[in-house]
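Shown next, in C-alpha cells, is the structure this report addresses.
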Protein chains: 2
Amino acid sequence: MSRNKSYDENAVLERAMIVFWINGYEATSVRLLEKEMGINQFSIYSSFTSKKKLFIESIRRYREHVKQNVYQTLLREDAGMKELEQYLYKAARKKKKPGLSRGCLVVNTAAELVSSDEEIAAEVNGYFIFIREMLRKVLQTAVDKGEIAPDTDVEKQSAFFLGVMQGLSVASKTTDTGQLNDFVSVALKQIK
Amino acid sequence: MSRNKSYDENAVLERAMIVFWINGYEATSVRLLEKEMGINQFSIYSSFTSKKKLFIESIRRYREHVKQNVYQTLLREDAGMKELEQYLYKAARKKKKPGLSRGCLVVNTAAELVSSDEEIAAEVNGYFIFIREMLRKVLQTAVDKGEIAPDTDVEKQSAFFLGVMQGLSVASKTTDTGQLNDFVSVALKQIK
DNA sequence: CCTGTTTCTAAGCAACTGATTAGATATCAG
DNA sequence: CTGATATCTAATCAGTTGCTTAGAAACAGG
C-alpha cells in the first residue's frame, strides 16, 4: 500500500554529513541541505525529524565513514606501530588547499557545540571513546609484537595519541605539512 | 564639539570577546551582543563596522587577554620547563562543569570558520604563530638553563607543544582530568 | 544663549532561519 | 479500476538574522 520513497535514506544522510562537515552545524541551513541532499524540506523532516537529529545521525554516519575510509587499516586485528605511524604522517600531509581543510567533523563539532548542547556533547564523547579504544588495541598489539617496550603504559599512551590526533586536526587547518611532521615525529619518537 | 560616547570601546570589546568565546561566531547574534555589551546596535556598528570586524577585533583582544591572564608566567624572560609544566597541568585541570568548557577561543574559531573565511584564518594563524614563538623562547631558555638536553631540537619541540596545546583544548571539552593528565605527562616525559 | 556636529533611541528593512501545511501525485491491496 | 495511504511539491508560517535610518538628545565652540 501507498507510495514509495523516491530517495535512499542512507544516501541522502551521507550527503548531509558531508555538508555539515564542510560548513559546520550553524552555518548549514536547511535550504542548503535540501539542495545538497537532493530532496526537499518535507522529506528531510519526515525522515530525520529535525535539523539537530539529522546532525546527530550525521555524526554517527561520519563514524562509519571513517571506519571504512580513514581508519580501516588501524582497525585491523594485526595493526601496530607501523600502521599508527603511517596514519599520523598521512594525516599530517593532508592538503589544506583553499577552502578545503575541513579537518575532522567531530573535532569541529566539539569546538562549536559541546559547550552548548549536552546531547551533541554525548555524541562527540562517544566518538572520542571509540577512537581511544582503537588506539588502545593498536598499542597493545604493538606491545605484543615487541614493537614497543613491554612495560609501555597503554592507558596513558592511548590518551596521549588521542590528544595528538585532536591537536593534529586543529593544527592542520592553518599549519604547513613540515610543522605537522615535526609534531608527529616528536609524538612518535617518545614511544619507540 | 559634539556629543561624547557614553561607553568605553575597550570595555565593550572585552565583553564582546567573552560572548564570542562562550557561543562561537555564528551562534552569537547582534541582539545578544548589544545586550551583553550594554550598547545598542547603532553603537556597535559605528564603533566596529560589522559583526565580522568586531569578531576579528575580539580575537586580537583575546590574545591580549591571555597574555595577561593565562600566559603571563610563560612570557617571563626566565620561564623554562617548570613554568611550561605548571601551565600544562593547570590547563588539564580546567573544570568542564555543565555548559562551561569554552576552551580556547582561537581553537574554537579554527574549527568553526577557518575553512570558510580567509581573513579569519589569517587571524587564527597569527595567534598560533604567537603561541609557538612563546614556546620556542621557553624551550630555548630551558636548554640554556640546562633543564633539558642541550641538543634539544627547539623547532620540532615547539611545533610539538603547540600541537599538544591545541589537542588539550579540544580534549578538555569532553575528557576528564585524569585522562588529560595522562596526555600531558606523556608529552612532558619525552623532553625530560 | 544659539549652532553645528555627533551619539543615542527605537523602529524598521529585506533576507533568511527552522519547521509546517494543503493539496497534488504516486503506489499498492483488494 | 477503486480506494486507502504514504510521499511529493510548493507555498507559507512566525521568528530571527545582520544591518540601516529618521528623529530625538547631548555636547562643544562661538
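Letters A, B, ... are given to chains in the order of the sequence lines, protein chains preceding strands, and every chain is numbered from 1.
We find that CD1 of A/I44 is positioned 15 Å from P of D/dT7, with the value rounded to whole Å. Remark: P of D/dT7 and CG of A/D8 are 14 Å apart, rounded to the nearest angstrom. The distance between atom CZ of B/F55 and atom P of D/dC19, rounded to the nearest whole Å, is 14 Å. Atoms CD (B/E34) and P (C/dC8) sit 13 Å apart, rounded to a whole Å. For A/K5 and C/dA26, the NZ to P distance is 17 Å, given to the nearest whole Å. Following rounding to the nearest Å, B/M37 (CE) and D/dG18 (P) show an atom-to-atom distance of 13 Å.
Remark: A/S43 is in phosphate contact with D/dC8, judged by side-chain N or O atoms under 4.0 Å from OP1 or OP2. Remark: B/N40 is in phosphate contact with C/dT9, judged by side-chain N or O atoms under 4.0 Å from OP1 or OP2. A sub-4.0 Å separation between OP1 or OP2 of C/dT7 and a side-chain N or O of B/S6 is absent.
Counting only distance, with no hydrogens or angles, the side chain of A/N125 and the backbone of A/A121 share no donor-acceptor pair below 3.5 Å.
Remark: A/E155 engages A/R132 in a salt bridge, criterion side-chain N to carboxylate O under 4.0 Å.
For B/Q190 and B/Q157, the side-chain atoms include at least one donor-acceptor pair closer than 3.5 Å. Under the 3.5 Å distance criterion, with hydrogens and angles disregarded, no donor-acceptor pair is assigned to the side chains of A/T73 and A/E83.
Judged by distance alone, with hydrogens and angles left aside, B/R3 brings a side-chain donor or acceptor within reach of the base of C/dT7, the pair sitting under 3.5 Å.
Taking the side chain as every heavy atom from C-beta outward, A/V70 and A/Y87 approach each other to under 4.5 Å. When side chains are defined from C-beta on, A/L139 does not count as touching A/T152, because their heavy atoms never get closer than 4.5 Å.
Grouping the Ile, Leu, Val, Met, Phe, Trp and Tyr side chains by contacts below 4.5 angstrom, directly or via other members, places B/I129 apart from B/M134.
Across all strands, A/S46 comes closer than 4.0 Å to no nucleic acid atom at all (heavy-atom distances). Here A/Y7 lies in heavy-atom contact (under 4.0 Å) with sugar-phosphate atoms only.
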Collect all protein-nucleotide pairs involving nucleotides 16-19 of chain C in which both atoms are nitrogen or oxygen and the distance is under 3.5 Å.
from: C/dG18; atom 1: OP1; to: A/T28; atom 2: O; distance (Å): 3.3
from: C/dG18; atom 1: OP1; to: A/K51; atom 2: NZ; distance (Å): 2.6
from: C/dG18; atom 1: OP2; to: A/V30; atom 2: N; distance (Å): 2.7
from: C/dG18; atom 1: N7; to: A/R31; atom 2: NH1; distance (Å): 2.5
from: C/dG18; atom 1: O6; to: A/R31; atom 2: NH1; distance (Å): 3.4
from: C/dG18; atom 1: O6; to: A/R31; atom 2: NH2; distance (Å): 2.9
from: C/dA19; atom 1: OP2; to: A/Y45; atom 2: OH; distance (Å): 2.7
from: C/dA19; atom 1: OP2; to: A/K51; atom 2: N; distance (Å): 2.9
from: C/dA19; atom 1: O5'; to: A/Y45; atom 2: OH; distance (Å): 3.4
from: C/dA19; atom 1: N7; to: A/Q41; atom 2: OE1; distance (Å): 2.7
from: C/dA19; atom 1: N6; to: A/R31; atom 2: NH2; distance (Å): 3.4
from: C/dA19; atom 1: N6; to: A/Q41; atom 2: OE1; distance (Å): 3.3
from: C/dA19; atom 1: N6; to: A/Q41; atom 2: NE2; distance (Å): 3.2

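In this structure, the nucleotide among C/dA24, C/dC8, C/dA22 sitting nearest to the side chain of A/F42 is C/dA22. The listed nucleotides are D/dC27, D/dC8, D/dA22; the one nearest the side chain of B/N4 is D/dC27.
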